[in-house]
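To start, the structure under review is shown below, and the notes come after it.
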Amino acid sequence: MKINMLKVTAFGFIFELDSCSCYFAENLNIYLNGQFYMTMNTNVCSLLSLKSDTAYEVLIKGLNEDIIFSVRTLKPDFVINVKDYNATGNGVACDTSAINMAIYTAPVGSIVYIPPGKYLVDQVLLKSGVDIYLERGAVICQSTNRQKLAVLKGYQKNYDHSDTTINASWEGHPLDCYASLIYGKDVENIHIFGEGVIDGNGDIGGFWQNPKVKNIAFRPKNIFLVHCKNIEISGITSMNSASWNIHPFYCDDVILRCLKVESIEDSPNTDGINPESCHNVDIIGCHFSVGDDCIAIKAGKYYMSTAHLRPTRNVNIRQCFMEKGHGGVVIGSEMSCGVYNTSVSHCLFRETDRGLRIKTRRGRGKEAIIDGITFQNVKMERVKHCFVVNMFYNCDPDGKSDYVRSKAFRIRDEMTPTIKNMSLSKIIAEEITGSAIFIYGLPESQVTGVEVNSSTFSFADDSQRVHECPAMMDDFEIINDLGIYIKNAENMCIENNHIIGRAICKY
């Protein structure tokens, strides 16, 4: 078996087993320089609590044959300890100024080091060329005092109103938000890494009460990146976010590796990772257990497509574990700028409400094109609905209007979205409690070019089956034991698949 070295840092490294399995590996013992270090059971492994500028001989035992390779951690130019700037790490005193001063006085190429402790902050501001390392035992917590949190202006105009800038976003619009726990605007070449924790305190900060009500500003995220480039986040845990955990917005070249993203079940809008209008995003070896969607790929609502058109392109998701959550990988519903080329491979979905979920509706606009989705070598366990494509998503204030919900043909116009070219292959879905495939296009904009092949869909027994509409849409007559339902679709190819259990198929 081959090893792919994904990243070498000053405090460790991340590697990937070239395995055909989905996320998990057999229990493997890792030895460093002849000494037992840890047991791993995932195909992507991060070791980020090592010594800098040190050579390591790595031995992995437990496979058919032992794997041996060598790696040397990097020698950093500057390592700047936030304690030298009077950060307390006691969880009581506010450490915002100390941490931000350490970051902003650091030379380019530095690592700002956060040792074990609990650091209460209002917001941490990123600087180009300065990395942040959270040692194991370090926890950055967001203040729950809203009066101290800065408010990001969503939309600002220049002096003569000839230009604009966007600082914040809420559900596809440039709206005011509380500053996120970690915030970066127009920064680049940054790595946030380690084995520490970022805790948004959403559970005790009152942010989850009346979540849709704007109170001065909308809820903060744990990490919010606006118009950034060459950003990497590795190893850390993001938890208890007040809303979305990690939100790259209008960013280029973002790599997210070996993250643990968690929120309590049913915590509102606590999505895991939501790249929006981004180019080139890799999400590798991450574990999600959240209250909403695990990964939601977005591209703004209609206004953004007219004033700041930028589609999301080239999202690569592999070796991830989506556990619980409303959707495993979701596209939309904010997708008015378009989403192109999304690849999902060697991932495990367990007890999510849906596996792949695509949601859009009339009104998203002519640029709202979803084109090029590939799901390959994916396993699903006890997922309710495996693949759901819904072009009647009843969201937003007008979501129940006749314009959105009517199944009658309308003339295709400037507000009509498009979905095309989706390939699903080598899927193993076990103990499905709802449906395998549900595709409902618009009569005036049919879903085009879907291929499903070489897959196995096995349904749970009758006592575990749920009988409901797989998608959030109106006026759908419930079909018990629904297996496959396809309407308003063309150029479909469904072949060489195996269905086990009771499944009503209509297409």
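This structure is a prediction, so every number in the text was calculated from the model and none was measured.
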Angle between ring planes, Y133 versus F11, binned at 30° and 60°: parallel, tilted or perpendicular? parallel
So, S305 and R364: side-chain donor and acceptor under 3.5 Å apart, yes or no? no
Could you grab the distance from atom CD1 of I114 to atom CG of D95, nearest 0.5 Å is fine? 9.5 Å
Within the 3.5 Å criterion, strictly below it, is a donor on T105 or Y85 matched to an acceptor on the partner's side chain? yes
I need the C386 SG to L424 CG distance, nearest 0.5 Å. 10.0 Å
Does NZ or CZ of R361 come closer than 6.0 Å to the centre of the six-membered ring of Y393, within 45° of the ring's axis? no
Are the side chain of T352 and the backbone N or O of R354 linked by a donor-acceptor pair below 3.5 Å? yes
Minimum heavy-atom distance I80-P107, with the two atoms named: CD1-CD, 4.0 Å
Under 3.5 Å donor-acceptor, H308 side chain and Y303 backbone: no
Return the minimal non-hydrogen interatomic distance between K83 and N81, and the atom names on each side. N-OD1, 2.8 Å
Backbone N/O of A299 and side chain of T312: donor-acceptor pair under 3.5 Å: no
Less than 4.5 Å apart, side chain to side chain, heavy atoms only: is that true for M239 and K260? no
Which pair of heavy atoms, one from C320 and one from Y23, lies closest together, and at what distance? C-CD1, 3.7 Å
Ring pair (Phe, Tyr, Trp, His ring centres under 6.0 Å) test vs F387 passes for just one of F349, F438, F375, namely F375
Go through it in stages, so that I can follow the logic: the residues are I358 and I373, the test is side-chain contact (heavy atoms from CB on, under 4.5 Å), and I'd like the CA-CA distance, side-chain angles, deciding distance and then a yes or no. CA-CA 10 Å; I358 301 174; I373 301 169; 3.3 Å; yes
Distance-only polar pair, side chains of S21 and N43, donor-acceptor under 3.5 Å: yes
If you take all heavy atoms of H346 and V378, which pair is closest and at what distance? N-CG2, 4.3 Å
Side chains of P115 and V82, heavy atoms from C-beta outward: is any pair under 4.5 Å? yes
Hey, mind stepping through R382 and R350 against side-chain contact (heavy atoms from CB on, under 4.5 Å) and telling me if it holds? CA-CA 6 Å; R382 298 185 297 281; R350 179 178 292 164; 3.9 Å; yes
Any donor-acceptor pair under 3.5 Å from S263 side chain to G291 backbone: no
Are C286 and V261 packed together at the side-chain level, in the sense that at least one heavy-atom pair is separated by less than 4.5 angstrom? no
Quick one: CG on L125 to OH on Y183, what's the gap to the nearest 0.5 Å? 9.0 Å
Let me confirm one number: the CE-CG distance from M322 to D293, rounded to the nearest 0.5 Å. 11.0 Å
Minimum-distance pair of heavy atoms, taken over all atoms of A460 and T433: CB-CG2, 4.3 Å
For the student: nearest non-hydrogen atoms of A242 and P220, plus distance: CB-O, 3.5 Å
Sub-4.5 Å side-chain heavy-atom contact between M422 and V389: yes
Determine whether I192 and L134 satisfy the following criterion, side-chain contact (heavy atoms from CB on, under 4.5 Å), listing intermediate values before the conclusion. CA-CA 8 Å; I192 303 169; L134 287 82; 4.2 Å; yes
Give a yes or no on whether a salt bridge exists between E276 and K298, defined as a side-chain N under 4.0 angstrom from a carboxylate O. no
Residues which pass ring-ring contact (aromatic ring centres under 6.0 Å, His included) with F249, listed by chain and number, not counting sequence neighbours: H247
Any heavy-atom pair between the side chains of I231 and L126 that's under 4.5 Å? no
Examine distances only and state if a side-chain atom of T270 and a backbone atom of V290 form a donor-acceptor pair shorter than 3.5 Å. no
Strictly distance-based, threshold 3.5 Å: is any side-chain N or O of N201 a donor or acceptor partner for the main-chain N or O of Q142? yes
Test item: H227 side-chain N/O and K185 main-chain N/O as donor-acceptor pair under 3.5 Å: no
Within the distance-only criterion (no hydrogens, no angle test), does the side chain of N245 pair as donor or acceptor with the backbone N or O of D271 below 3.5 angstrom? yes
Side chain proximity check, I317 to C347, heavy atoms < 4.5 angstrom: yes
To the nearest 0.5 Å, what is the distance between CG on N269 and OG on S243? 7.5 Å
Side-chain ion pair, D398 and R362, N-O less than 4.0 Å: no
So among V187, V108, D186, which one has a side chain to side chain contact (heavy atoms under 4.5 Å, CB included) with S128? V187
Check the surroundings of atom CD1 in I428: do more than 12 heavy atoms from other residues, nucleotides or ligands lie under 6.0 Å from it? no
Can you tell me how the ring of W244 sits relative to the ring of W170, calling it parallel under 30°, perpendicular over 60° and tilted otherwise? parallel
Between R357 (side chain only) and H385 (backbone N and O only), is there a donor and an acceptor less than 3.5 Å apart? no
Take I14 and F193 through the test side-chain contact (heavy atoms from CB on, under 4.5 Å) and record every step on the way to the result. CA-CA 11 Å; I14 303 169; F193 68 109; over 6 Å; no
Might you confirm whether atom CG of N86 has over 12 heavy atoms from other residues, nucleotides or ligands at distances under 6.0 Å? no
Please check if any side-chain donor atom of S234 sits under 3.5 Å from a side-chain acceptor atom of R257, or the reverse. yes
Can you check whether Y104's main-chain N or O pairs, donor with acceptor, with K127's side chain at less than 3.5 Å? yes
Is any NZ, NE, NH1 or NH2 atom of the basic residue among E351 and K324 found under 4.0 Å from an Asp or Glu carboxylate oxygen of the other? yes
Within a strict 4.5 Å, meaning less than it, do heavy atoms of the V281 and I297 side chains meet? no
Taking C-beta and beyond as the side chain, do L356 and V344 meet within less than 4.5 Å on heavy atoms? no
Distance in Å, L6 CG paired with D282 CG, rounded so as to fall on 0.5 Å steps: 9.5 Å
